[in-house]
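Everything below concerns the one structure shown next.
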Amino acid sequence: MQSSEGVEIDEVVLRLQGYMVEGKLPPIRQHHIPHNPNRLISLQESVTLTGLNCQSFDLAVQAIKAIHQQFARHVSGLQGMLRDWLPGQFDGAFTVTFGNRYLSSAREAGGDSVVDLSKVVDPYNVMQPILLQHTEVHVAENVVEHWERSKMSDAQGYTASKVLRIKPDVVNVSQLLKVQVSFVAVKVGR
């Protein structure tokens, strides 16, 4: 795909802050596993954010629409079709849901190296035994990292920021989150 300036684009990255109104975050528990093993690939973690009508959030929503339109033009030029996308709504404000699958098909993963599900994602060992029986794999593209920035003051009153890795189960509805997402077009069938 090419930008309007003729530059080749493989991926588009966006950073966005918003308040979480819904989330499906690790750890994976037994009741998350679908009864139909063919649906295992659809398991994902996700967050839905809103900007509560904040201008910068609404501009980011417009940017996502533009990214979608650019991908749609590219895909239609390849005789394909991109699924429609519209932002959601929460109390009259835009929402955007970001998600990432826990698994990829081994065929799609190609040469990507398989990584273990972290103890943060699968601490109860629910997924590992299932993966031994299926063709899905967990690769680096399926990994989502969770970080928290906090301010700390020392004895002299100096304040510094520190960024630490956190477990996702400490993230709750109504918290302000900053997400960084990559947009990549992936063929998913007909």
(Q) For a 4.5 angstrom cut-off between non-hydrogen side-chain atoms, does V47 reach V179? (A) yes

Q. Should L52 and Y19 count as side-chain neighbours, where that means a heavy-atom distance under 4.5 Å?
A. yes

Q. Should Y102 and L43 count as side-chain neighbours, where that means a heavy-atom distance under 4.5 Å?
A. yes

Q.
Any heavy-atom pair between the side chains of F98 and L16 that's under 4.5 Å?
A. yes

(Q) Tell me the closest heavy-atom pair linking L25 and E45, and the distance in Å. (A) CD2-OE1, 3.7 Å

Q: Please name all residues satisfying side chain to side chain donor-acceptor pair (under 3.5 Å) with S118, sequence neighbours left out, ordered by chain then number.
A: none

Q) Would you say H35 has more than 12 foreign heavy atoms packed within less than 6.0 Å of its NE2? A) no

Q: Kindly give the cluster partners of V115, where membership spreads through any ILVMFWY side chain lying under 4.5 Å from a current member.
A: V143

Q) How would you list, by chain and number, every residue that makes a side chain to side chain donor-acceptor pair (under 3.5 Å) with R39, sequence neighbours excluded? A) none

(Q) I'd like to check the side chain to side chain donor-acceptor pair (under 3.5 Å) partners of T159; sequence neighbours left out, ordered by chain and number. (A) S153

Q) Mind checking whether E145 and R165 have side chains closer than 4.5 Å, heavy atoms only? A) yes

Q) Looking at CD of Q55 and CD of Q62, how far apart are the two atoms once the value is rounded to the nearest 0.5 Å? A) 11.0 Å

Q: Provide the closest heavy-atom pair for Q89 versus T95 in the form atom of the first, atom of the second, distance.
A: N-OG1, 3.3 Å

Q) I41 and S105: which non-hydrogen atoms are nearest, and at how many Å? A) CD1-N, 3.3 Å

Q. With Q30, which residues qualify under side-chain contact (heavy atoms from CB on, under 4.5 Å), at least two apart?
A. I33, V126

Q) Do the side chain of N142 and the main chain of V139 share a donor and acceptor less than 3.5 angstrom apart? A) yes

Q | E148 CD to I166 CD1 distance, which is reported to the nearest 0.5 Å | A | 5.0 Å

Q | Distance-minimising heavy-atom pair for F71 and L82 | A | CB-CD2, 3.7 Å

Q. Can you name the closest pair of heavy atoms from D112 and E141 and give their distance?
A. OD2-CG, 4.3 Å

Q: Could you tell me which residues satisfy side chain to side chain donor-acceptor pair (under 3.5 Å) with R149, sequence neighbours excluded, listed by chain and number?
A: none

Q | Side-chain heavy-atom pair V121, P27 within 4.5 angstrom cut-off | A | no

**Q.** Beyond-backbone contact of H138 with D116, side-chain heavy atoms, under 4.5 angstrom
**A.** no

Q. Do the non-hydrogen side-chain atoms of E136 and L131 ever get within less than 4.5 Å of each other?
A. yes

Q. Which pair of non-hydrogen atoms, one from F183 and one from V181, has the smallest distance, and what is that distance?
A. CE1-CG2, 3.6 Å

(Q) Other residues, nucleotides and ligands only: do more than 12 of their heavy atoms fall within 6.0 Å of CG on D84? (A) no

